[in-house]
Amino acid sequence: AEGIDRQRQAGVAVPAWDLVATSYQAAFSDQQLPAEGCDDLNDQIAGSIIGSFPPDLFDSTGIFQSLWVTRLEQMADDTEGLVDQLLELEELPVRSF
């Protein structure tokens, strides 16, 4: 986009800008493309994409959790682990020399 904008400012990008505008029209048009009959392949692709995410990113019903909530839970787990380590260190006998 930056390159097209620079070319447009230089006055040499009329064909490139027309191509971008035509691409936008095609991408956001209301035309429905005919179904190609690849439902099985589309299901496999979607399953592969979803399978690449860690399982803890989903709630018990399979819905994506908020990324903020996921990070918050991870921070809470990390904090709990650090507190446990600290308590274990306090329980160790102190050696005197």
Side-chain angles (χ1 to χ4, degrees):
E2 290 174 2
I4 291 173
D5 188 45
R6 276 187 253 123
Q7 289 177 358
R8 185 177 62 158
Q9 290 173 357
V12 294
V14 173
W17 193 250
D18 289 341
L19 178 62
V20 170
T22 303
S23 298
Y24 283 147
Q25 288 174 347
F28 297 109
S29 70
D30 290 336
Q31 292 179 339
Q32 294 293 324
L33 298 175
E36 296 294 325
C38 297
D39 292 340
D40 293 337
L41 292 175
N42 289 336
D43 287 344
Q44 290 176 7
I45 291 170
S48 296
I49 292 170
I50 297 297
S52 68
F53 292 106
D56 59 344
L57 193 58
F58 301 93
D59 66 8
S60 61
T61 60
I63 307 280
F64 272 119
Q65 292 182 2
S66 162
L67 186 55
W68 182 81
V69 171
T70 302
R71 287 181 181 158
L72 186 63
E73 289 174 349
Q74 185 64 45
M75 287 175 54
D77 291 343
D78 290 347
T79 303
E80 185 178 343
L82 290 172
V83 169
D84 288 343
Q85 287 178 1
L86 182 63
L87 293 174
E88 287 175 8
L89 288 175
E90 287 183 355
E91 292 176 359
L92 291 176
V94 177
R95 293 191 296 174
S96 59
F97 294 98

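Below, each value reflects all heavy atoms present in this structure, side chains not excepted, and no hydrogens, waters or symmetry copies.
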Revision key, fill the gap. Between the CG atom in Asp84 and the CG atom in Leu89, the distance rounded to the nearest 0.5 Å is 11.0 Å
Study note, to complete from the structure: Excluding Met75, membership of its hydrophobic cluster (Ile, Leu, Val, Met, Phe, Trp, Tyr; side-chain heavy atoms within less than 4.5 Å) reads none
Point to revise | Asp40-Gln44 side chain donor-acceptor pair, cut-off 3.5 Å | key: no
